[in-house]
Amino acid sequence: MSDTTRDIDLQLMRGTPLQPNKPALALWIKNPGSVQSGVFATLNITLAPYLLLASRQSKITGMALVAQRIALTSWQPGVMENHELPPPLLQQSLPGYPLQFVLYGSTPALSDYQNIVLISLLLSLLVTGGGWLLLPAYQRPGKDLIQGMKRGEFHIEYLSAASGG
């Protein structure tokens, strides 16, 4: 539970008496000048809505709220032990509070970047080669006229200005 000797204590709980299977955030704020009086509040919490906001970033696959020995994650409905968490992509501590916000995901390895560049290069060579093969067919401007004359599709008419025609 919370440490009532501290001025402010913030912890993750596995559940509350009303909802024992739903994780909660417990906040203790000590009353100034008093030994053990203050405000204790719990907040049932889930990270699913925040993961929807982070879904715009393709490399983020999960997130966690980490406190002391346990963590609330976006991929599990309850809390889990910190030592079970995968390596993080990014961590951010909350100054003055024993909480960390952690993002998880994957970044492409160097070999993935090399494969992307190689495939892009091969694709550009393929498109360039196809264009080089097809371009001569469309570049000869008189080709249609020559083919039409060979097939006899043209005939000559001569009108003279003297004939009054």
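- A distance of 12.0 Å separates NE2 of His83 from CZ of Arg69, quoted to the nearest 0.5 Å.
- For the atom pair Leu125 CG and Leu121 CG, the distance stands at 5.0 Å (nearest 0.5 Å).
- Side-chain contact between Glu81 and Ile70 is present, with heavy atoms from C-beta onward closer than 4.5 Å.
- Ser120 meets the side-chain contact (heavy atoms from CB on, under 4.5 Å) test with Ile116; sequence neighbours excluded.
- Between Phe101 and Gln91 there is no side-chain heavy-atom pair separated by less than 4.5 Å.
- To the nearest 0.5 angstrom, Ile119 atom CD1 is 9.0 Å from Leu123 atom CG.
- Annotation: the span from Leu89 atom CG to Met63 atom CE amounts to 11.0 Å, rounded to 0.5 Å.
- For Leu85 against Ala71, the heavy-atom pair with the smallest separation is CD1-CB, 3.8 Å.
- Within the 4.5 Å cutoff, side-chain heavy atoms of Met80 are placed close to those of Thr73.
- Nearest heavy atoms, Ala64 versus Tyr104: CB-CE1, 3.7 Å.
- Using a 4.5 Å heavy-atom threshold, the side chains of Asn82 and Val66 count as touching.
- Rounded to the nearest 0.5 angstrom, Leu99 CG and Gln92 CD are separated by 12.0 Å.
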